[in-house]
Amino acid sequence: MPVTRKPLHFLGSSLDDLRAFPDDARRDAGFNPDFVQRGMDPLDSKPMRTVGPGAREIRVRDAASAFRVIYLATRPEGVYVLHCFQKKTQRTPKADIDLAANRLRLIGG
């Protein structure tokens, strides 16, 4: 039986932001939403309760930096990529959390 894939929806600038990742980080980050679309868990993720209910964060590293993809997969109509960014500090900046939370509210999350 073929695996059903939920559609993938990029909100705001998230697709352009993902495309701006360095090659290795972009490739690694790109595989993970595919897993989520097929109902599987990403390789390295955690809940992002500070963004809102059901929001999760995919964690990607390359040789020099850390990158994040915040998404929501609990909606039946698809997987929503809320925000993609380079993480430069140990703690996720409030501006990145607020941006993802605002995009989550746009879809009624």
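Side-chain atoms are counted along with the backbone in the values below, which use heavy atoms only and exclude waters and symmetry mates.
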Same cluster (ILVMFWY, side-chain, under 4.5 Å), Leu15 and Leu106
no
My understanding is that only residues two or more places apart in sequence, or in another chain, count here; which of them pass salt bridge (Lys or Arg N to Asp or Glu O under 4.0 Å) with Lys88?
none
Could you tell me whether the side chain of Glu57 and the main chain of Ile70 form a donor-acceptor pair under 3.5 Å?
no
Contact between Ser14 and Arg103 at the side-chain level, heavy atoms closer than 4.5 Å - yes or no?
yes
Can you name the residues that form a salt bridge (Lys or Arg N to Asp or Glu O under 4.0 Å) with Arg61, not counting sequence neighbours?
none
Side chains of residues 79-87: which donor-acceptor pairs under 3.5 Å do they make with residues two or more places apart or in other chains?
residue : atom : partner : partner atom : Å
Tyr80   : OH   : Glu77   : OE2          : 3.0
His83   : NE2  : Asp96   : OD1          : 2.7
Gln86   : NE2  : Ser65   : OG           : 2.7
Lys87   : NZ   : Gln90   : O            : 3.0
Lys87   : NZ   : Thr92   : OG1          : 3.4

Could you list the residues that satisfy side chain to side chain donor-acceptor pair (under 3.5 Å) with Asp28, not counting sequence neighbours?
none
Passes side-chain contact (heavy atoms from CB on, under 4.5 Å), Phe35 versus Leu43? Steps please.
CA-CA 9 Å; Phe35 292 149; Leu43 299 175; 3.8 Å; yes
Hydrophobic cluster identity match, Val60 and Phe31, side-chain contacts under 4.5 Å
no
Partners meeting salt bridge (Lys or Arg N to Asp or Glu O under 4.0 Å) with Arg59 (sequence neighbours left out)
Asp44
Those residues at least two apart in sequence (or on a different chain) that pass ring-ring contact (aromatic ring centres under 6.0 Å, His included) with Phe10 are none
Interatomic distance, Arg75 atom CZ to His9 atom NE2 [nearest 0.5 angstrom]:
9.5 Å
Side chain to side chain donor-acceptor pair (under 3.5 Å) partners for Asp34, two or more places apart:
Arg5, Arg38
Partners of Ser45 by side chain to side chain donor-acceptor pair (under 3.5 Å), sequence neighbours excluded?
Arg56
What pairs of residues pass the ring pair (Phe, Tyr, Trp, His ring centres under 6.0 Å) test when at least one of them lies in residues 46-76, not counting sequence neighbours?
Phe21-Phe67
Of the non-hydrogen atoms in Asn32 and Ile58, which two are nearest, and what is the gap between them?
CB-CD1, 3.5 Å
With sequence neighbours left out, write down each residue that passes side-chain contact (heavy atoms from CB on, under 4.5 Å) with Thr74, or none if nothing qualifies.
Leu72
Restricting to side chain to side chain donor-acceptor pair (under 3.5 Å), what partner residues turn up for Arg26, sequence neighbours left out?
Asp23
Identify the two heavy atoms, one from Ala101 and one from Val51, that lie closest to each other, and give their separation to 0.1 Å.
CB-O, 3.4 Å
So, taking the atom named CG in Asn102 and the one named CG in Leu11, what distance separates them when rounded to the nearest 0.5 Å?
11.5 Å
One should read off an interatomic distance between Arg19 CZ and Ser13 OG, to the nearest 0.5 angstrom, of 12.0 Å
